[in-house]
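Just so we're clear, the structure is a prediction, and the values are computed from it rather than from any experiment. Quick note on labels: first sequence line is chain A, next is B, and so on, each numbered from 1.
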Amino acid sequence: MEERYQPKKIEGKWQRIWEENESFRVGEDPKLPKYYLLEMFPYPSGRIHMGHVRNYSIGDVIARYKRMRGYNVLHPMGWDAFGLPAENAAIERGIHPAKWTSENIAYMRDQLKKMGFSYDWRREFATSDESYYRWEQLFFIEMFQRGLAYKKLSTVNWCERCQTVLANEQVEGGRCWRCEEEVGVRELEQWFFRTTAYAEELLRDLDRLTGWPEKVRTMQRNWIGKSVGAEIIFPFVGRDGSLNVFTTRQDTIYGATFLSLAVEHPLALELPQGTSQQGIVRGFVERMKKVSQARRGTEEVEKEGVFTGAYCLNPFTQEKIPVYLANFVLMEYGTGSVMAVPAHDQRDFEFARKYDLPIRVVIQPQGQTLKPEEMTEAYVEDGVMAASGPFSGLPSAEGREQIANYLEEKGWGKKDIRYRLRDWGISRQRYWGAPIPILYCDSCGMLPVPESELPVILPRDVEFSGEGGSPLAKLPEFFLTTCPKCGGPAERETDTMDTFVESSWYFARYASPDEDRRPLDKARVAYWLPVDQYIGGIEHAVLHLLYARFFTKALRDLGWLKLDEPFTNLLTQGMVIKDGAKMSKSKGNVVDPDFLIERYGADTARLFTLFAAPPEKDLDWSDHGVEGAHRFLSRLWRFAGQHRQALLGVAPDLDPPGLPPGLAALRRLVHRTIKKVTDDIEERFHFNTAIACVMELFNALSLAAREGSATAEGASLIRAGLEAILVLLYPFVPHVASELWESLGNRRSLEEIPWPEYSAEALQEEALLIVVQVDGRVRGKITVSADASDEQIETEALAHPKIQGYLQGKSVRRVIQVPRRLVNIVLEG
RNA sequence: GCGAGAGUGGCGGAAUUGGCAGACGCACUAGACUUAGGAUCUAGCGGGUAACCCGUGGGGGUUCGAGUCCCCCCUCUCGCACCA
């Protein structure tokens, strides 16, 4: 055994052993409880970063721990391999995306292996593999046939830099989630997945995801954005038809003094025809359309509008009210038109003040009477209905209910529910993605590629000009084909799928990655799914995590899955921060995992990232902290080396007879540490405190060993303590733990060793330290035997000389005792 | 603006149920060993010179007892942001 801790010499050895023994290979075993642990798979960008190291270190602790607890653990890894950076590399450096991707994968796979993560590598795949995306194409076709995938012309988010469309979820604060370019709009024929068909279920099932952070559930709830209200019909005055509006505040209908339309509304230009407003409206619409949607979405723009010349009838008041265009009304939400109640909606209030429109108070707050001319802002809370005909005097919540019913009785409208969630736009005008398996035939129209002709293979030989437009659209060999129905000429769809589609079902594919006749082997999927623990960054709260939930439900309805939710428990780990900012290339504050592994070893990298903060919090990078982690492992190594000879022939015994009191305390500490580490892992994944208490145990063990353990009992206990440390540390630092374990002459490897149990009996202290307070302040401590009664403890506490000093001349009012922990003596006055 | 979370030594963080605030680690200080120390070991390490007092963003409250519970305020981070 080397005297110095040299991780490089041992880490490779253990990684080889794990690989040769296929230590982490798993299959279905109905006799064992299964545990599916998954970390979000990486995009093969080139090399792993600290975020990956952290994510996968957290996962590996859980995987190894669960195996030790007797679970059959599925812990796979793969590659989210389609995506823009590969294509950009092709444009910028002339490397084919496939080559770039596979080279990156090879390098990163090697890095992950060097970290010692316990994956079942036999299940590895890349989503750019034909054997993967072919099944995605099958799903697409099945979804198309069920109306869950459809094509429509629509206004979409367009990223000029990425030269492609973005889904709503992929626009963050008006910017592209990937490159931060400001997002514009385009009118395009686009493929969509009908996520809205599952809006209600996606919302409802959030309540069942009790293993998810509340924050993520809230974000998804807000994203889905359910609004319960009513659609109300406002008939036009002087022309046929009506404007239908959606509102959640039908209780304010008597205060609706005008209507507002989005400038994109189909009637926007039609209504003013023949009125004097015609020219004004046209000018307004053109001016507004120039303001990008992105800007309108992010900044509060001054409210502006213009009268259309048209009027509608408020069905409740029978009043003729004007129809305006307003720049703040969104065409994409509701019906693109709203009833304006200035007194009770802030936007309408501002608008009405600006254009001098009537403000009518119809909801009065409890015990107050609002007057329109005195109001400085809208009153948007609930209250009591006023000036509302037969509904006056009703609480507004009840009024909402009654008005909604009344609407339906009268045929003036209906109850309605709207969602903010839109359908998922999945067309991408780029090359490096899964081709959408659709054909266009002049005579037969649009039709799916027959299943027998799948996959539609992404061709290799393409030109990467970077001039925009998909390379596939310039490749007649690809898109020219024949119609499977009539045999005539047909063209293929040249858009590819959003890469979030791949990550929406990869977790299911891991259950049967070798299945080559169908996407999923239902028996194996049934055994492994759902994922018991999923781990990844919070940044996917409403991207990947929402899409994957949708896809799971869709695949369930297509008969491929038998579950409602893919991820039972979710852990969102914090970011890695250095010098006050997220580690990123652009900030120039990255720490390279390769450097870390080379210099300190994988175990140190793992230990530091796990020790520095609990997983859900941000991790503040500290080079000194890394040194500290390395120093701890070095000390452990040295300790084992120094005592190795003395311990080699000794059987570990945590409870040898006749232990002197000092060593009995050590024995108790071993049990306490086992309990603490177990609880910290089991209950809340707080690895930092788990590691801290193993360090404490090691400190105590070092002290005990130094202070004489020459006896046989002492040696047995030292050995037992050291072994406990190695077993407890194994999930965190598996290489060094394995090496030291082996160096003690143990034949069975740590992979075969179960997680230690602690004994409740051994936790019992024979003496108790009781804190004594006077008036709530700590004034002394007493030691009593473990079987002392409350009365005895109280007597002893009162008798304590120091306490006596505080009692001089005062009388004791009462004594409060926390059994076996604390006595508080409360004095008079 | 709305919603969520956080604020504890010089730093990262602990205190899981209202019961010894600061575990563990880093940094720092002193000493030992040493040709040397950016190695290792030992000791110290919230503040106030001290019995003792003060101390968990600030102010109030509940309680025998509050980092922890309640009310008000401040600051920071994240998410959403004209969604009718």
Is the phosphate of [N] approached by [X] (side-chain N or O, under 4.0 Å from OP1 or OP2)?
{"X": "A/Arg420", "N": "B/C80", "answer": "no"}
{"X": "A/Tyr806", "N": "B/C52", "answer": "yes"}
{"X": "A/Arg347", "N": "B/C83", "answer": "yes"}
{"X": "A/Arg814", "N": "B/U63", "answer": "no"}
{"X": "A/Asn699", "N": "B/G25", "answer": "yes"}

task: On RNA chain B, check which nucleotide each of A/Thr335 and A/Leu769 is closest to and give me the residue with the more 5' one.
output: A/Leu769
Side chain of [X], heavy atoms from C-beta onward: which of [options] has the nearest atom to it?
{"X": "A/Val329", "options": "B/A84, B/G19, B/C83", "answer": "B/A84"}
{"X": "A/Glu696", "options": "B/C24, B/C82, B/C26", "answer": "B/C24"}
{"X": "A/Val778", "options": "B/A84, B/A21, B/C82", "answer": "B/A21"}

Distance to the ring centre below 6.0 angstrom and angle to the axis at most 45 degrees; does that hold for [X] and [Y]?
{"X": "A/Arg418", "Y": "A/Phe246", "result": "yes"}
{"X": "A/Arg420", "Y": "A/Trp223", "result": "yes"}
{"X": "A/Lys303", "Y": "A/Phe351", "result": "no"}

message: Looking at A/Arg606 and A/Phe732, would you say the former's side chain and the latter's main chain have a donor-acceptor pair under 3.5 Å?
response: yes
For nucleotides [N] and [M], find the distance between their [atom1] atoms and express it as a whole number of Å.
{"N": "B/U56", "M": "B/U75", "atom1": "C1'", "answer": "16 Å"}
{"N": "B/G1", "M": "B/G48", "atom1": "C1'", "answer": "45 Å"}
{"N": "B/C54", "M": "B/U8", "atom1": "C1'", "answer": "15 Å"}
{"N": "B/G10", "M": "B/U17", "atom1": "P", "answer": "28 Å"}
{"N": "B/U63", "M": "B/C74", "atom1": "P", "answer": "28 Å"}
{"N": "B/G61", "M": "B/A51", "atom1": "P", "answer": "30 Å"}
{"N": "B/A30", "M": "B/C78", "atom1": "P", "answer": "41 Å"}
{"N": "B/G3", "M": "B/A81", "atom1": "P", "answer": "16 Å"}

- line: Under a 4.0 Å heavy-atom criterion, the protein footprint on nucleotides 10-18 of chain B, written with B, S and -, is --SSSSB--
Sugar-phosphate, base or nothing in reach of [X], heavy atoms under 4.0 Å:
{"X": "A/Arg4", "result": "nothing"}
{"X": "A/Val826", "result": "sugar-phosphate"}
{"X": "A/Val771", "result": "base"}

query: Do A/Glu401 and A/Lys415 meet the salt-bridge criterion of a basic N to acidic O distance under 4.0 Å?
result: yes
- prompt: Looking at A/Glu200 and A/Lys226, does any basic side-chain N land under 4.0 Å from a carboxylate oxygen?
  reply: yes
Rounded to the nearest angstrom, tell me the gap between atom [atom1] in [X] and atom [atom2] in [N].
{"X": "A/Leu543", "N": "B/G79", "atom1": "CG", "atom2": "C1'", "answer": "13 Å"}
{"X": "A/Phe608", "N": "B/G25", "atom1": "CZ", "atom2": "P", "answer": "15 Å"}
{"X": "A/Glu616", "N": "B/A6", "atom1": "CD", "atom2": "P", "answer": "10 Å"}
{"X": "A/Trp621", "N": "B/C26", "atom1": "CH2", "atom2": "P", "answer": "15 Å"}
{"X": "A/Ile538", "N": "B/G5", "atom1": "CD1", "atom2": "P", "answer": "12 Å"}
{"X": "A/Arg777", "N": "B/G55", "atom1": "CZ", "atom2": "C1'", "answer": "11 Å"}
{"X": "A/Glu264", "N": "B/C82", "atom1": "CD", "atom2": "P", "answer": "14 Å"}
{"X": "A/Arg779", "N": "B/C64", "atom1": "CZ", "atom2": "C1'", "answer": "14 Å"}

message: Can you classify the ring geometry of A/His544 versus A/His540 as parallel (below 30°), tilted (30 to 60°) or perpendicular (above 60°)?
response: perpendicular
- prompt: How are the rings of A/Trp637 and A/Tyr5 set relative to one another: parallel (under 30°), tilted (30 to 60°) or perpendicular (over 60°)?
  reply: tilted
- prompt: According to the salt bridge (Lys or Arg N to Asp or Glu O under 4.0 Å) rule, which pairs have a member within residues 681-691 of chain A, sequence neighbours left out?
  reply: A/Lys66-A/Glu682, A/Arg69-A/Glu682, A/Asp680-A/Arg684
query: What residue pairs, at least two apart or across chains, pass salt bridge (Lys or Arg N to Asp or Glu O under 4.0 Å) with a residue in residues 213-224 of chain A?
result: A/Asp207-A/Arg221, A/Glu214-A/Arg217, A/Glu214-A/Arg221
task: Check whether the side chains of A/Glu231 and A/Asn244 place a donor and an acceptor atom closer than 3.5 Å, and report yes or no.
output: yes
field: Nucleotide-level pairing of RNA chain B, given in dot-bracket where Watson-Crick and G-U pairs need both distances under 3.5 Å and | marks other strands
entry: (((((((..(((......[....))).(((((.......))))).(((...)))..(((((..]....))))))))))))....
Show which side-chain atoms of residues 254-263 of chain A pair as donor or acceptor with protein atoms under 3.5 Å away, not counting sequence neighbours.
| unit_1 | atom_1 | unit_2 | atom_2 | d |
| --- | --- | --- | --- | --- |
| A/Thr257 | OG1 | A/Pro358 | O | 2.8 |

field: Selection: residues 218-225 of chain A, any non-hydrogen atom under 4.0 Å of RNA chain B
entry: A/Met219
- prompt: Considering only heavy atoms and no angle criterion, is a donor-acceptor pair shorter than 3.5 Å present between the side chain of A/Gln773 and the base of B/G19?
  reply: yes
- prompt: Below 4.5 Å, heavy atoms only, C-beta onward: do A/Arg347 and A/Val338 meet side chain to side chain?
  reply: no
Glycosidic conformation of B/G46, taking syn as within 90° of 0 and anti otherwise: anti
query: Does the ring centre of A/Phe608 sit less than 6.0 Å away from the ring centre of A/Tyr600?
result: no
